[in-house]
Amino acid sequence: MEKFANFVEIIWISMKLRLIIAAVVASVMAACGDDTQFRVTGEVQGLGTRTINILYVADGAVHQEGQPAIDGKFDLHGVSGEYTVVELFTAQHTLIARMIVKNGQTINCKLDLENPYTLELKGNKPVEQWSEWIRQNAGVIEIGNPGLVNKLVADFVVNHRDDILSSALMLTTYYAPDNESQADSLFALIAPDARPDKLVDDYRLLLSYNNSAHLNAKIRPFSLYSYGDSTEHYAPGKASYTLFYFANQEHRRDTIVKAIDAIYDNYSRRRLKVLDISCAVDTTAWRRERPDSLRWTRVWTPGGVASAAFDHLNIPRLPYYILADSTGQQVYRGGSVKAAIDSLGRRLR
């Protein structure tokens with residue numbers, strides 16, 4: 001009987017060891033990832049059950065994958081045999097994070113819609129460096145002054161010439177207009193292995209996808225619900241230039257409001273009109289966005305940037321700015337309020 005008990009115990013220990021080994025193998029396999037695809041998984045605080053998407057370029061084509069998050073948790077997959085820049089964003093076009101990833105890698109994300117600079121990404125050296133860089137420089141990045149942001153990028157590039165993140169920062173964060181020669185000089189400092197042609201070409205294709213086909217689209221007249229229970233009727237000819245600011249309650253607006261407020265009284269309303277366009281999910285959320293003290297026009301658009309009034313503009317993310325002339329032609333579009341204001345200043349100087 002004792003021998004039988006010992007035999008049973010040996011069998012039980014053997015089975016337990018097999019289960020432990022199987023669990024370890026499964027864990028290792030999950031950590032290593034499937035070498036035929038990459039994975040982006042994690043949680044976004046404040047996202048709820050809304051759709052979340054990734055956008056990237058592979059094999060010369062733009063790819064987009066999406067799924068409804070469950071209580072902010074998501075698990076997305078893509079395919080790219082070489083490093084590519086992946087953008088993670090909501091169905092309302094709010095950019096949540098960028099990362100560099102390729103097949104066989106899993107990127108684990110901890111993100112917060114209301115505090116985008118507290119992000120934490122893990123899974124490979126570039127994304128870990130990137131999230132740390134953003135956290136350390138959050139104050140400057142949020143203000144969005146191109147000169148100060150460019151200095152941060154330049155400092156990183158000079159000190160990390162062998163890191164692929166240097167290329168990613170030059171492509172996604174460095175403000176190159178009016179700084180083309182400096183941008184070229186900085187790019188030349190990066191070691192060839194850290195600036196692969198495919199990464200550069202693919203991201204430029206992604207930018208082209210987001211901008212080029214829609215740059216010549218004109219902003220058409222529209223009527224939208226405005227603050228104060230009235231209606232705003234926009235027509236291009238009402239002002240020499242109109243600054244459109246697209247955002248929603250997920251963005252901290254203090255620095256943006258201050259930037260616009262600083263130049264608002266420099267021009268008459270015939271020369272400059274500012275339209276603050278909310279992409280909030282409903283009017284209740286819109287009314288909570290900010291106090292009533294703003295002096296420019298606030299409007300709300302059902303459907304956000306995908307609404308009939310703005311869908312043809314293909315606004316890639318929020319916040320986003322478009323400066324249009326008196327014909328409705330876009331003369332600036334991009335993610336920097338300072339660049340939009342600088343563009344306005346050059347034209348009305």
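For reference, positions follow the sequence shown, starting with 1. Note that the structure is predicted; figures quoted are calculated from it, not measured.
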Query - Same apolar cluster (I L V M F W Y, side chains within < 4.5 Å links), Y117/V140 - result: yes

Requested in this report: For residues Q45 and L111, determine if any side-chain heavy atom of one lies less than 4.5 Å from a side-chain heavy atom of the other.
Outcome: no

Report task. Go through the steps for F244 and Y332 under the test ring pair (Phe, Tyr, Trp, His ring centres under 6.0 Å), then give the verdict. Result -> CA-CA 10 Å; F244 296 86; Y332 170 83; over 10 Å; no

Report task. Measure from the side-chain N and O atoms of Q64 to the backbone N and O of N53, and report whether any donor-acceptor pair falls under 3.5 Å. Result -> no

**Report entry** Side chains of L165 and V127 in contact at under 4.5 Å (non-hydrogen atoms)
**Finding:** no

Query raised in the report: Are K102 and F38 close enough that some pair of their side-chain heavy atoms sits under 4.5 Å apart?
Result: no

Requested in this report: Return yes if a side-chain donor-acceptor contact under 3.5 Å exists between H233 and S223, otherwise no.
Outcome: yes

Report task. Under the side-chain contact (heavy atoms from CB on, under 4.5 Å) rule, what do K110 and K122 come out as? Steps first, then yes or no, please. Result -> CA-CA 9 Å; K110 289 183 180 179; K122 292 185 177 180; over 6 Å; no

Report task. State, with a plain yes or no, whether a side-chain heavy atom of V79 is found less than 4.5 Å away from one of T36. Result -> no

Report task. Evaluate whether atom CG of N266 has more than 12 neighbouring non-hydrogen atoms of other residues, nucleotides or ligands under 6.0 angstrom away. Result -> yes

Report summary line: Only one of D276, I315, T301, L275 passes side chain to side chain contact (heavy atoms under 4.5 Å, CB included) with F246, and that residue is I315

**Report entry** Carboxylate-amine/guanidinium contact D342 R346, below 4.0 Å
**Finding:** no

Query - Backbone of W133 reached by a side-chain donor or acceptor of N137 within 3.5 Å - result: yes

Query raised in the report: Are L348 and R271 side-chain neighbours, meaning at least one heavy-atom pair lies under 4.5 Å?
Result: yes

Requested in this report: Look at the side chain of R50 and the backbone N and O of L47, then say whether any donor-acceptor pair between them is shorter than 3.5 Å.
Outcome: yes

Query - Shared hydrophobic cluster for Y174 and L148 (ILVMFWY, side-chain gaps under 4.5 Å) - result: yes

Query raised in the report: Can you check whether L55's main-chain N or O pairs, donor with acceptor, with H63's side chain at less than 3.5 Å?
Result: no

Report task. Start with the C-alpha distance between L169 and F156, add both sets of side-chain angles, then the distance that settles side-chain contact (heavy atoms from CB on, under 4.5 Å), and finish with yes or no. Result -> CA-CA 9 Å; L169 289 177; F156 186 90; 3.7 Å; yes

Query raised in the report: Is the centre of the Y320 ring less than 6.0 Å from the centre of the F310 ring?
Result: no

Query raised in the report: Judged by modelled atom types alone, do Q37 and N103 share a side-chain donor-acceptor pair under 3.5 Å?
Result: no

Query raised in the report: Is the closest side-chain donor-acceptor distance between D163 and Q129 under 3.5 Å?
Result: yes

Requested in this report: Output yes when a side-chain donor or acceptor of E128 lies under 3.5 Å from a complementary backbone atom of G123, and no otherwise.
Outcome: yes

Query raised in the report: Under the side-chain contact (heavy atoms from CB on, under 4.5 Å) criterion, do M99 and S131 qualify, and how do the steps go?
Result: CA-CA 9 Å; M99 58 204 73; S131 60; over 6 Å; no

Report task. Without swapping roles, check the side chain of N150 against the backbone of Y175 for a donor-acceptor pair under 3.5 Å. Result -> yes

Query raised in the report: Hey, is the main chain of S181 close enough, under 3.5 Å, to the side chain of S185 for a donor-acceptor pair?
Result: yes

Query raised in the report: Does a donor on one side chain and an acceptor on the other come within less than 3.5 Å for S240 and S326?
Result: no

**Report entry** Test item: N159 side-chain N/O and D155 main-chain N/O as donor-acceptor pair under 3.5 Å
**Finding:** yes

Query raised in the report: Does S343 reach the main-chain N or O of A339 with its side chain, forming a donor-acceptor pair under 3.5 Å?
Result: no

Query raised in the report: Aromatic rings Y225 and W300: how do their planes relate, parallel, tilted or perpendicular, breaks at 30° and 60°?
Result: perpendicular

Query raised in the report: Can a salt bridge be assigned to the pair R98 and E87 using a cut-off of 4.0 Å between side-chain N and carboxylate O?
Result: yes

Query - Ionic contact status for R295 with D265, cut-off 4.0 Å - result: yes

Query raised in the report: Do the side chains of I54 and Y56 get nearer than 4.5 Å, heavy atoms only?
Result: yes

Requested in this report: Answer whether the closest heavy-atom distance between the side chains of I164 and Y83 falls below 4.5 Å.
Outcome: yes

Query raised in the report: Are V44 and D112 close enough that some pair of their side-chain heavy atoms sits under 4.5 Å apart?
Result: no

Query raised in the report: Between the main-chain N or O of F74 and the side-chain N or O of T41, is there a donor-acceptor pair closer than 3.5 Å?
Result: yes

Report task. Establish whether F89 and I70 are linked, either directly or via other cluster members, by ILVMFWY side-chain heavy-atom contacts under 4.5 Å. Result -> no

Query raised in the report: Is K238 atom NZ crowded by more than 12 heavy atoms from other residues, nucleotides or ligands, each under 6.0 Å away?
Result: yes

